[in-house]
Structure formats: C-alpha cells, structure tokens
Amino acid sequence: MKILFFAHLKTVTGQAELGLSLNEPVDANTLWERLIALHPGLARYRPSVRLAQNGEYIGSKAQFSDIDEVALIPPVSGG
Amino acid sequence: MKILFFAHLKTVTGQAELGLSLNEPVDANTLWERLIALHPGLARYRPSVRLAQNGEYIGSKAQFSDIDEVALIPPVSGG
Amino acid sequence: MQVEIQLTRQRIGVSRFRSSGLLAEQGAEVEFCGLVRGQENGMAIAALEYEAYSPMAEREMRRIIEDIGRRHRCLLVRVIHRIGVVPVGEAAICVDIAARHRAEAFAMLAEFMDRLKQDVPIWKRQPLTADALAELKAK
Amino acid sequence: MQVEIQLTRQRIGVSRFRSSGLLAEQGAEVEFCGLVRGQENGMAIAALEYEAYSPMAEREMRRIIEDIGRRHRCLLVRVIHRIGVVPVGEAAICVDIAARHRAEAFAMLAEFMDRLKQDVPIWKRQPLTADALAELKAK
C-alpha cells in the first residue's frame with residue numbers, strides 16, 4: 001500500500017510517500033492507528049485530515065487493501 | 001422642450017424627436033396628455049413607458065419646463 | 001473604484017480588455033461577454049440591431065455601478081456596450097471587473113447585469129436575417 | 001457539456017482562453033482569473049507556491065463541474081490551475097465558461113469556486129518573499 005502526504009504533512013512525516021504492508025484489509029480507524037504509530041506527529045492533524053483512496057474521498061465504510069493508493073488530504077487551499 | 005422617442009415609439013410617432021412649446025411648467029400627467037393629443041398611438045404604450053428628464057428617470061413630483069429634454073423610455077432590452 | 005463606461009459602434013475586441021496584475025491589491029478578475037445568439041424567438045437570425053439613448057445610458061450604467069459598489073467595492077469596473085448592428089457570435093456587451101476578492105466581483109457582475117436589463121436605456125431592435133445583413137453590408 | 005481541466009506549471013496566458021462565438025447557441029461567456037495578491041496575512045510577499053495531488057485534483061474538478069452542470073447546464077467549462085511558484089499579479093487559476101445564458105454561467109462559476117476551495121486537493125504552500133523568489137530564480 002502506498003501512502004501519500006501533502007502540504008504540511010510532508011514536513012510532519014519528513015516524507016512525501018510511504019510504503020505500508022497489510023496482511024488483511026483494514027478500515028480507516030485501523031489505518032490511522034498504524035500511521036500514527038509510525039509518525040506520532042500526525043495525531044494532532046487527524047481531525048482535519050480526510051483520506052482519499054485511489055484518488056477519491058472515502059465513505060464511512062471504506063476498507064483499505066494492499067494495492068490501494070491512500071492520500072492524506074489536509075484542508076485544501078487552491079484557487 | 002425637446003421630446004425623444006426610442007425603439008418602437010419611433011415607428012409609432014414616425015419621428016425620433018419632437019419640439020414642444022410650454023407656456024408654463026407641467027407635470028407628467030399633463031405632458032402625457034399633450035403627447036397623446038399629438039400622437040394618439042402613444043396611448044397604449046403609456047403604462048409601460050417611463051419618462052426621463054435631462055437623462056434621469058423622473059420621480060413622482062417631476063415638473064417639466066421649456067428647457068428640458070424629455071425621453072420616452074419603453075421597456076429596455078440591452079445586454 | 002475606477003469606473004469606465006463606453007458605448008461603441010465597433011466590434012468589441014478581446015485585446016481591449018484585461019487589467020490583470022495592474023492593480024496591486026487585485027486578487028480577482030472577471031470578464032463577462034454577452035454574445036448575440038443565432039436564434040431569436042425560435043427564428044434563425046444573422047444579427048441584432050441595438051439602439052441607445054447614449055448619454056443617459058452611460059450615466060445610468062455609472063450610477064448603477066457606483067450604487068452596487070457601496071455594498072460590493074471593486075477596484076475597477078469597465079463596461080463596453082456595442083450599438084448598431086451586431087452579428088451573431090459577436091459581443092453586444094463586455095464587462096470587466098477587477099476586485100480584491102472574487103465575492104465582490106461576482107456580486108457586482110450579476111447585479112449590474114440584472115439592473116442593466118431593467119434600467120439602462122438600450123434596446124434590441126428587430127433581428128436581421130442573413131439576407132438583410134448581406135444587403136446592409138452591400139450598401 | 002464539454003469539460004477541460006488542466007494543471008500547469010506554466011504561466012497561464014490570456015490567449016489560451018476564450019471560446020467566444022465558436023458555439024452556435026452560446027449567449028454568454030465568463031472568464032474568471034484568481035490572481036496572487038501582494039499580501040498574505042498582512043505580510044508583503046512576492047509569490048505563492050502551490051502544490052497539488054494532481055490526478056485526484058483533476059478528477060475532482062471534473063466531478064464537481066459535472067455535478068453542478070446537472071442543475072446549471074453550460075456548453076463548455078475550462079479550468080486551468082497553476083502549480084509551483086506563482087508570482088504576485090499572475091493567475092493561479094482561470095475558469096472559462098461558455099453557456100446559452102448568463103445565469104447558468106454565473107451559477108457554475110460561483111459554485112465551482114466555492115467547491116474547489118472545499119474539496120480539490122490543491123494547497124497554497126508558504127509564501128515567498130522577494131528575496132526567496134530572487135534566490136529561486138537564480139538557481
């Protein structure tokens with residue numbers, strides 16, 4: 001699984017991209033716990049960050065598997 | 001006093017401009033009566049036509065004198 | 001707020017517009033053009049003819065813009081309205097607005113166009129068919 | 001409804017825009033550009049840097065436009081968003097809309113910009129001062 005970080009989350013994690021191995025599908029909550037275990041600095045951003053799975057915002061029942069590209073989307077500010 | 005006609009009112013009156021002599025100031029109602037006497041075809045347009053005095057729409061208490069330029073403004077359709 | 005109003009018998013060129021970047025505080029630029037469409041009341045047309053009570057039309061446009069500007073202050077508002085014969089596909093009006101933020105530019109534009117169509121003494125006259133337009137050009 | 005979406009690292013040129021008169025039924029054209037302003041949070045800046053999650057940003061813009069288009073059908077919507085360093089006075093985004101009437105063009109524009117700022121994964125990064133911009137250009 002590929003995890004993408006954008007904007008200030010790149011600074012927080014010190015990386016733009018992260019490879020993660022999953023043995024079985026996980027839900028968003030479990031995924032967040034794995035990410036925060038790796039990068040504790042992410043915890044305070046969690047409430048404002050949305051997850052995207054393969055380029056689309058996830059619904060509440062999303063399951064993530066090893067082949068997914070997951071992006072952490074902090075509040076956007078384009079335009 | 002100069003009276004200006006625009007759009008279909010030019011066709012109705014057969015003219016774009018009309019000179020009118022006033023002995024004393026008149027209100028809008030009297031002015032209309034004078035105009036309709038000259039061009040009875042104007043009567044049916046009166047409800048939809050606004051008067052402008054020297055380039056501004058008139059208020060309800062307007063008085064017209066011999067030096068004014070008065071325009072009959074049918075419903076507009078610019079843009 | 002800078003206001004520029006113009007009535008013209010010439011084709012409105014794109015190059016005459018755009019203030020982008022000229023104003024230091026400017027964050028938004030919006031340009032609207034209203035074009036003559038190929039149909040009028042279901043009939044195919046080649047052009048529309050516009051007529052104006054020119055001095056009043058210009059004054060009224062300025063008055064409307066200044067009035068809206070009291071609530072939605074912009075940096076620059078420029079209006080060009082074409083009069084005379086306007087062929088299909090060409091602009092009858094272009095409005096160019098520079099503002100600090102998009103909100104006031106959008107509000108100015110929408111409200112100005114609504115009030116123009118209520119109060120500014122400009123009239124669409126009879127549409128011209130392709131034959132009538134060709135005849136006019138041949139003169 | 002034709003939809004064109006582009007992210008670019010190049011300056012957005014005026015000449016790349018304008019569809020006027022190309023579409024027979026078109027009665028309205030509106031173009032909006034959002035420019036980088038000389039101040040950010042009260043500090044004088046020389047440029048802003050934009051970053052995007054590109055494939056998702058493009059897809060999301062298209063999705064938003066198609067969604068709005070179900071209520072406000074336009075003929076053409078074209079969006080160019082610049083990423084990378086955008087100097088003050090230059091456009092970060094331009095939106096060009098062709099429609100039958102102005103109402104749907106205005107609605108599309110205002111609603112698209114609101115939703116872009118909610119949902120499209122593009123970020124303003126730290127502003128660059130004049131010194132930082134000069135340093136970057138010298139590289």
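To find a chain, count down the sequence lines: A is the first, B the second, and so on, and within it residues start at 1. Atoms considered below: every heavy atom in the structure, side chains included; atoms not considered: hydrogens, waters and symmetry mates. As the structure is a computational prediction, the values presented were derived from the model and not from experiment.
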#### Entry: Largest heavy-atom contact set with chain D, pairs under 4.5 Å, which of C:G38, C:A91, C:G34, C:G27
C:G27
### Task
Give a yes or no on whether C:E4 atom CD has more than 12 heavy-atom contacts from other residues, nucleotides or ligands under 6.0 Å away.
yes
### Minimum side-chain heavy-atom gap D:E31-C:E29 below 4.5 Å
no
#### Entry: Inter-chain contacts: residues 111-124 of chain D against chain C, heavy atoms under 4.5 Å
D:M113, D:D114, D:K117
### Task
Of all the heavy-atom pairs spanning C:A110 and D:F106, show the shortest one and how long it is.
CA-CE1, 3.8 Å
### Task
Write down the atom of D:H101, the atom of C:R37, and the distance for their closest heavy-atom approach.
NE2-NH1, 3.0 Å
## Note on the structure
With chain C, the option among D:L109, D:V88, D:I93 that has the most non-hydrogen atom pairs under 4.5 Å is D:L109
### Task
For atom CD of C:E135, decide whether the heavy atoms of other residues, nucleotides or ligands shown that lie under 6.0 angstrom number more than 12.
no
### C:C33 side, atom SG; D:Q26 side, atom CD - distance, nearest 0.5 Å
9.5 Å
